[in-house]
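Worksheet: one structure, shown below.
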Amino acid sequence: MNAAPQYWLMKIEPDECSIDDLAALPGQTVPWTGVRNYQARNFMRDGMRVGDQVLYYHSSCAEPGVAGIAEVASSAYPDATQFDAKSPYFDPKSKPEAPRWLNVDVKFRKKTRLLPLKDMREVPALATMRLLQPGSRLSITPVSPEEWQAVMALLDR
DNA sequence: GCCAACGTTGGC
DNA sequence: GCCAACGTTGGC
């Protein structure tokens, strides 16, 4: 029972938690709170396993792109911010007895060079990436082993 | 700050 | 259950 790791891409605004912020917490796990999209939630709940590898993607910033690698460090559990009236992620319709939103924990693996979105768009091997599909906005997307290998090769350049 | 694409909401 | 209105995302 030692399944091969699966691969994901997770978007974060560097203002919230950049790869440098994550790197400043070595060995610590960080709750990936604030996901408020059912598809992304379902990827965490149904797809993610501890040990899965994550492309850490900076979005909504001057240089969007992959900035590092993280690892899934827990299975999905209820996101505490949905019950916190002071949180921007507060969801008044979610009840503690039936939590609507979940999060996993992630932990830092390494910082990479920044692989810009615009470079990724030019690589045929990455054309299938969910991130690169027109209009794709999902904050968590699966990455195939082939796509993962292609990204690793680009990062080594 | 613009705006296209997409998801969610809610009236019917 | 349809679908128009609205809000959000996120690159540019």
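Residue numbers start from 1 in every chain, and the chains themselves are labelled A, B, ... in the order their sequence lines are given, proteins ahead of strands. Since the model is a prediction, treat every value here as computed from it, not as a measurement.
Among the nucleotides dG11(C), dG10(C), dT8(B), the one closest to any side-chain atom of Tyr38(A) is dT8(B). Here dG11(C) is the nucleotide among dG10(C), dT9(B), dG11(C) with the atom lying nearest to any side-chain atom of Tyr57(A). The side chain of Arg121(A) lies closest to dC12(C) when the candidates are dG7(B), dC12(C), dT9(B).
When hydrophobic clusters are built by joining Ile, Leu, Val, Met, Phe, Trp and Tyr residues whose side-chain heavy atoms come closer than 4.5 Å, directly or via intermediates, Leu117(A) is grouped together with Leu115(A).
Separation of the Trp8(A) and Tyr56(A) ring centroids does not fall under the 6.0 Å cut-off. Taking the six-membered ring for Trp and the full ring otherwise, the centers of Phe43(A) and Trp32(A) sit at least 6.0 Å from each other.
Taking atom CZ on Arg130(A) and atom P on dA5(B), their separation rounds to 17 Å, with Å as the unit. Between Leu117(A) atom CG and dC12(C) atom C1' the separation is 11 Å, expressed in whole Å. Rounded to an integer number of Å, the gap from Met120(A) CE to dG11(C) C1' is 14 Å. Distance, Ile12(A) CD1 to dG11(C) C1': 17 Å, rounded to whole Å. In this structure, CZ of Arg41(A) is placed 15 Å from P of dG7(B), rounded to the nearest angstrom. Between Gln133(A) atom CD and dG10(C) atom P the separation is 15 Å, expressed in whole Å. Between the NZ atom of Lys118(A) and the P atom of dC12(C) there is a distance of 9 Å, given to the nearest Å. Between the C1' atom of dG10(C) and the CG atom of Leu138(A) lies a distance of 13 Å, rounded to the nearest Å.
Between the base of dT8(C) and the side chain of Arg137(A) there is a donor-acceptor pair shorter than 3.5 Å.
For Tyr7(A), the ring pair (Phe, Tyr, Trp, His ring centres under 6.0 Å) partners two or more places apart in sequence, or in a different chain, are Trp148(A).
In this model, the phosphate group of dT8(C) is not approached by any side-chain N or O of Tyr89(A) to a distance below 4.0 Å at OP1 or OP2.
A salt bridge does not link Arg100(A) to Asp79(A): none of the charged nitrogens lies less than 4.0 Å from a carboxylate oxygen.
In this structure, Lys93(A) reaches the sugar-phosphate backbone alone: every heavy-atom distance under 4.0 Å involves primed, P, OP1 or OP2 atoms, never a base.
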